[in-house]
Amino acid sequence: MGDNNKMRSILEIMNDVLSTVRDYYDSEYAYYIEKDEYEILTIYEWCAENIPWQRDRIKMLEPEHLPRWVQHEITDTRDECYSVFQELDEGITAVLAVVNVRRGGCDLSLMRAVLPYISQAIILHKTQKQQEYLSYHDDLTGLLNRNSFVAYLAEAKKRQLKSVGALSADINGLKNFNKEFGREYGDEVVIRVGEILEEFFRSANVYRLTGDEYLAIVENTSYEKFMKGVQAAYTKLENISLGLVTMGYAWEKSNIDVDVLVSDAEDMMREEKKKYYKNLRKGHHEPIIKQDLLDDLKSGNFIVCLLPIMDAHSNEVVGAEALVRYHHKDLGIMNPERYIALLEETKLSYHLDLHVFEEVCRTLQRWEQDDLPMIPVSVNFAVSTLRRHDITEKMQAIVEKYHVSCEYLQIEVSESRGDMNQEMLAETGNKIRKANVRVVLDHFGAKNSSFTILSLMEFDGLKLDSSLVDNIVGNRRSQIVSQAVIDVCRRLGVTVSASGVDTQDQLNILKEMGCDCVQGTLFNKPITIETFEVRYLKG
């Protein structure tokens, strides 16, 4: 918009008007004031050159100490100060005054004509400001609205950002709140959710995009700080009402495209919402599932097994992967895939993952005490566990409890699990490594894997996905890709293992490529810790 078409501010207008009034009456000061019985609400001042401003001093005065021309209308032009009053709405009085008049014999016609114009101009300006505010803010919550978000996107493209986190939140069943308890109650829910998001994302832009959907965008924040805010906001909302909101989030620090980042967060939120309503239809109740899980863990119904990891060249055991089996009271030992999927959907995997991690630490402590050979053991963490901001602190507490050397602990993380973008996965992996626990990039070559993660993330080992190994004997493309990955890892100083090795031919090709370690049914299936010790450590 050109300067000629730019709307003038109320201060510019008031300065012009008051300077004209001051000049006409040849006074030292000209004032426009709005006041009620107790205080001055608004004050504009214009004064002659080399005359000190008095505006702030006047505004701070108690009502009884205000100048006479503020307390009463003075229309006697023989006085050195004149003032005219106009009653506005709700007990407010407008005052136009000239102080220390040097030109005598004037009348008040100019002041009486100007005063209503000033009042109307201010009211008009306030109305315009209110309309402008409502154009970019939600009238119920006071949060920024979709217009603000569109404007932000256009501006963000022009700026250099170090990092951006996006949180998408959606109220579950807002229509039901309105239907069952009335729209006023529903409005209170909407307002409260917005207040909590603002509470935990004070430096963010928080938007209400639709009736039940919110967005928070946090610039130049660390992944850890962003996730702490997400976790804290979600916990507080859950404490208000279980399942009150569904959240999705994403974070980036390189090649930032805010539009794409927000889409990633919204996609995650929609996927989480599908899980929420799926569990709702099935009658799953999270507190009951959680209590059942904790009872099963306490009763020892989840049994940690070990899958041996073998040296590809010597066929000697060099490590193990911890897996879990569920002991059903009637069906005995069973693969808990469906149960674990339910835990992931309800974000309760955290309890099981830490249980397995603690069992591994307890086992490593016993091996050391019994003078058994020490080998590294890998633990798989669910995405919901990796996303917790306090996961490394929980791990460190368990490590210290059992006095285990971290060189024998490995956490397997996977790019293929979808709910974490590469930047988030890299930050999580780096945080675990800073806690002196080794990180293995699992399922490399599966869906969603890319070579980009190799340059973004620090890791200690990489595991080729079984989908590559399945076809490695007869598929030249699988061989070329696998060889390329192994070569890159060798230059990065990272060990490479392969999962799903079921035949001698697969093993032979992997050995020729320089793969370090292998695991699969060619060697053994997952077995109990006791059986593993007898077979591999006590021979």
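Quick note: residue numbers are just sequence positions, from 1.
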*Taking everything shown except Glu195 itself, do over 12 heavy atoms lie less than 6.0 Å from its CD?*
yes

*Would you tell me whether Glu407 and Ser405 have side-chain atoms, one donor and one acceptor, within less than 3.5 Å of each other?*
yes

*May I ask you to check whether over 12 heavy atoms, not counting those of Glu213, lie within 6.0 Å of atom CD?*
yes

*Answer yes if the side chains of Asp487 and Gln483 hold a donor-acceptor pair under 3.5 Å, and no otherwise.*
yes

*Looking at Ile529, Val360, Val304, which one forms a side-chain contact (heavy atoms from CB on, under 4.5 Å) with Val377?*
Val360

_Checking side-chain polar atoms at under 3.5 Å, does Asn508 have a donor or acceptor matched by the opposite partner on Gln504?_
yes

*Can you pull the side-chain hydrogen bond (donor to acceptor under 3.5 Å, both in side chains) pairs that have at least one residue in residues 153-172, sequence neighbours excluded?*
Arg159-Glu219, Asp170-Lys273, Asn172-Thr246, Asn172-Lys273

*How about Phe444 and Phe451: are their ring centres within less than 6.0 Å of each other?*
yes

*Please determine if Glu321 and Lys463 form a salt bridge, counting it only when a charged side-chain N lies under 4.0 Å from a carboxylate O.*
yes

*Contacts of type side-chain contact (heavy atoms from CB on, under 4.5 Å), residue Asp370, not counting sequence neighbours*: Arg366, Leu372

*Residue pair Tyr408 / Glu368, side-chain donor-acceptor N/O under 3.5 Å*: no

*asked:* Quick one, Val413 and Thr428 - any side-chain contact, counting heavy atoms below 4.5 Å?
replied: no

_Applying ring pair (Phe, Tyr, Trp, His ring centres under 6.0 Å) as the test, list every pair that has at least one member in residues 478-510; sequence neighbours left out._
none

_Pairing residues for Phe357 by the ring-ring contact (aromatic ring centres under 6.0 Å, His included) criterion, not counting sequence neighbours_ = none

_Is the terminal nitrogen or CZ of Arg146 (NZ for Lys, CZ for Arg) located under 6.0 angstrom from the six-membered ring centre of Tyr207 and within 45° of that ring's axis?_
no

*asked:* Can you pull out every ring pair (Phe, Tyr, Trp, His ring centres under 6.0 Å) where at least one residue sits in residues 461-488? Sequence neighbours excluded, please.
replied: none

*Cut-off 3.5 Å, side chains only: do Asp353 and Thr385 have a donor facing an acceptor?*
yes

*List the steps, then state whether side chain to side chain contact (heavy atoms under 4.5 Å, CB included) holds for Tyr536 with Glu316.*
CA-CA 9 Å; Tyr536 296 105; Glu316 293 182 358; over 6 Å; no

_According to ring-ring contact (aromatic ring centres under 6.0 Å, His included), who are the partners of Phe201, at least two apart in sequence or on a separate chain?_
none

*Taking atom CG of Asn239 as the centre, does the number of heavy atoms from other residues, nucleotides or ligands within less than 6.0 Å exceed 12?*
yes

